[in-house]
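For reference, the structure is listed below as structure tokens.
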Number of protein chains: 2
Amino acid sequence: MKQNATNSKSVSFIEKEKVRSVTGKMRNERFFHDLAETFKAMSDPTRTKIIYALCQEEELCVHDIAMIIGTTNSAISHQLRTLRNMKLVRYNKVGKVTYYSLDDLHINNLFAEGIRHVDEK
Amino acid sequence: MKQNATNSKSVSFIEKEKVRSVTGKMRNERFFHDLAETFKAMSDPTRTKIIYALCQEEELCVHDIAMIIGTTNSAISHQLRTLRNMKLVRYNKVGKVTYYSLDDLHINNLFAEGIRHVDEK
DNA sequence: TTAACATTTGAACAATTGTTCATATATCAT
DNA sequence: ATGATATATGAACAATTGTTCAAATGTTAA
């Protein structure tokens with residue numbers, strides 16, 4: 001059911017109007033990149049564990065997160081850096097201890113929506 | 001500020017109570033794995049574009065999605081398979097055309113929350 | 001100062017990922 | 001049948017990722 005009968009050249013698309021309409025509503029490359037990055041920040045089990053733990057307790061230090069999750073301090077520290085770079089967590093250094101917490105309530109909403117999805121499947 | 005003075009062995013953790021409390025609230029491995037997988041499904045720009053397009057138009061075929069996004073049919077088909085495996089999209093084959101749509105409204109909510117996060121940054 | 005501790009960092013590694021290309025399958029029209 | 005079209009698929013490839021290990025910071029206490 002080709003709808004581009006008006007064109008002499010055979011430019012192919014199945015439903016011309018849909019394509020035009022949706023194409024007009026698309027956003028720029030940066031938007032899709034940032035959106036993907038946001039989800040990617042939560043796309044690893046170690047990171048979902050860290051975020052989940054920080055949903056239970058406002059502030060946690062690296063060592064305690066490692067204890068809770070059952071991994072090495074190094075692995076946690078690396079992942080916390082990723083979360084920091086993606087602005088999902090912030091930190092507060094007191095002496096030799098670095099306390100991490102979720103950056104804003106937005107993160108909680110997004111994360112909670114993901115949990116709802118998993119729990120209702 | 002060690003709080004495990006009662007132990008003779010030097011088991012180290014910074015805040016014993018927090019660790020015990022949060023550890024008790026943690027969920028099983030499968031939960032964190034599934035949660036990560038859900039976010040991972042939306043963690044690639046090509047896939048966020050596909051999902052965004054399907055938020056604008058109920059049903060779209062592979063070729064039209066490729067036109068809208070500006071990629072090859074093959075790349076789109078591969079990604080649609082990923083989205084299919086992760087139960088984010090379903091399809092409806094009519095003749096030689098396969099129409100894809102979002103699997104349920106839950107996906108829209110999760111996706112919309114991600115968009116809100118990106119737009120408000 | 002020295003030792004112990006909390007965290008960070010860089011290199012290395014295997015594992016996973018997304019695209020491309022060529023090819024295969026399936027449907028429709030002639 | 002043949003050719004055109006729509007989609008799917010497998011192999012190959014570079015690129016990215018997460019962990020481990022060893023070593024480096026930086027802080028506190030003795």
Side-chain angles (χ1 to χ4, degrees), chain A residues 1-5 9-15 18-19 32-33 36-37 39-50 59-86 89-100, chain B residues 1-5 9-15 18-19 32-33 36-37 39-50 59-86 89-100:
Chain A
M1 201 210 284
K2 283 272 208 76
Q3 297 185 8
N4 56 330
K9 273 190 71 180
S10 173
V11 178
S12 64
F13 33 77
I14 312 295
E15 291 173 284
K18 271 194 182 181
V19 172
F32 291 113
H33 169 269
E37 285 296 305
F39 289 121
K40 189 186 272 178
M42 300 177 172
S43 72
D44 170 79
T46 302
R47 290 198 295 274
T48 55
K49 287 173 195 170
I50 293 174
E59 271 195 339
L60 287 169
C61 71
V62 177
H63 189 187
D64 284 356
I65 295 174
M67 292 279 310
I68 291 163
I69 293 176
T71 322
T72 62
N73 289 352
S74 181
I76 295 299
S77 183
H78 277 298
Q79 293 296 11
L80 281 170
R81 179 160 59 153
T82 300
L83 292 172
R84 232 163 50 212
N85 290 342
M86 290 169 166
V89 301
R90 53 190 155 76
Y91 65 99
N92 172 238
K93 198 158 186 203
V94 179
K96 46 182 171 172
V97 182
T98 311
Y99 293 96
Y100 282 86
Chain B
M1 200 211 284
K2 284 270 208 77
Q3 298 185 8
N4 55 330
K9 270 188 74 180
S10 172
V11 177
S12 64
F13 32 76
I14 313 294
E15 292 173 285
K18 272 193 181 182
V19 172
F32 291 113
H33 169 268
E37 284 296 305
F39 289 120
K40 189 186 274 179
M42 301 178 174
S43 73
D44 170 79
T46 303
R47 290 199 294 276
T48 56
K49 287 174 195 170
I50 293 174
E59 270 193 341
L60 287 169
C61 71
V62 177
H63 190 188
D64 285 355
I65 295 174
M67 292 280 310
I68 290 163
I69 294 176
T71 322
T72 63
N73 289 352
S74 181
I76 295 298
S77 182
H78 277 297
Q79 293 295 12
L80 281 170
R81 179 162 60 154
T82 300
L83 292 172
R84 232 163 51 212
N85 290 342
M86 290 170 167
V89 300
R90 51 191 157 76
Y91 65 99
N92 171 238
K93 199 163 188 199
V94 180
K96 47 181 170 173
V97 181
T98 312
Y99 293 96
Y100 282 85

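Here is the naming used below: chain letters follow the sequence lines, and residue numbers restart at 1 for every chain.
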Task: Protein-nucleotide distance (B/Asn73, atom CG; C/dA24, atom C1'), rounded to Å - done: 15 Å
TODO: Grab the two heavy atoms, one from A/Thr48 and one from A/Met42, that are nearest each other, plus how far apart they are.
DONE: CG2-O, 3.3 Å
TODO: Return the value, rounded to whole Å, for the distance between atom CD of B/Glu15 and atom C1' of C/dA6.
DONE: 13 Å
Task: Nearest heavy atoms of B/Pro45 and A/Ala36, plus distance in Å - done: N-CB, 3.6 Å
Open item on the list: Can you see if the side chain of B/Tyr100 gets near the phosphate of D/dA6 - specifically, an N or O under 4.0 Å from OP1 or OP2?
Closed with: no
TODO: Just jot down the side-chain contact (heavy atoms from CB on, under 4.5 Å) partners of B/Glu59, sequence neighbours excluded, or say none.
DONE: A/Lys18, B/Asn92, B/Tyr99, B/Ser101
Task: Contact under 4.0 Å: B/His63 side-chain N or O vs D/dA6 OP1/OP2 - done: yes
TODO: Starting at atom OH of B/Tyr99, determine the distance to atom P of D/dA8, rounded to an integer number of angstrom.
DONE: 13 Å
TODO: For A/Thr72, answer base if it contacts any base atom (sugar-phosphate contacts may also be present), sugar-phosphate if it contacts only those atoms, and nothing otherwise; contact means non-hydrogen atoms under 4.0 Å.
DONE: sugar-phosphate
Task: Length of the CZ-C1' vector between A/Arg81 and C/dT7, whole Å - done: 12 Å
Open item on the list: Please report the distance, rounded to the nearest Å, between CG in B/Leu60 and P in D/dT7.
Closed with: 11 Å
Tabulate below the donor-acceptor pairs under 3.5 Å that side-chain atoms of residues 73-84 of chain B make, not counting sequence neighbours, or state none.
unit_1, atom_1, unit_2, atom_2, d
B/Gln79, OE1, B/Arg47, NH1, 2.9
B/Thr82, OG1, B/His78, O, 3.4
B/Arg84, NH1, B/Tyr100, OH, 2.8

Task: B/Glu37 CD to C/dT17 P, straight-line distance once rounded to whole Å - done: 8 Å
TODO: In whole angstrom, give the distance that lies between atom CG of A/Asn85 and atom C1' of D/dT17.
DONE: 14 Å
TODO: For nucleotides 22-30 of chain D, just jot down a letter per nucleotide in 5' to 3' order: B, S or -, based on protein non-hydrogen atoms under 4.0 Å.
DONE: B----BS--
TODO: Examine the base of D/dT17 for any acceptor or donor lying under 3.5 Å from a partner atom in the side chain of A/His78, and report the outcome as yes or no.
DONE: no
TODO: Measure the OG1-CD1 distance between B/Thr71 and B/Ile50 for me, rounded to the nearest 0.5 Å.
DONE: 8.0 Å
Open item on the list: Strictly below 4.0 Å: does B/Gln79 bring a side-chain N or O up to OP1 or OP2 of C/dT17?
Closed with: no
Open item on the list: Measure OH/B/Tyr91 against C1'/C/dA26 and give the value in whole Å, please.
Closed with: 13 Å
Task: Closest to side chain of B/Thr98, choosing from C/dT9, D/dT7, C/dA6 - done: D/dT7
Task: Nucleotide nearest A/Val97 when distance is taken to its side chain, options C/dG10, C/dT7, D/dT20 - done: C/dT7
Task: Minimum-distance nucleotide to B/Arg84 side chain [options: C/dG18, D/dA8, D/dT20] - done: D/dA8
Open item on the list: Tell me the closest heavy-atom pair linking B/Asp64 and A/Glu15, and the distance in Å.
Closed with: OD2-N, 3.0 Å
- [ ] Measure the spacing between NZ of B/Lys49 and NE2 of A/His33 and express it to the nearest 0.5 Å.
- [x] 10.5 Å
- [ ] Give me the residues of residues 39-50 of chain B where at least one heavy atom lies under 4.0 Å from an atom of DNA chain D, by number, or none.
- [x] none
TODO: Can you measure from CZ (A/Phe32) to OG1 (B/Thr46) and round to the nearest 0.5 angstrom?
DONE: 10.5 Å
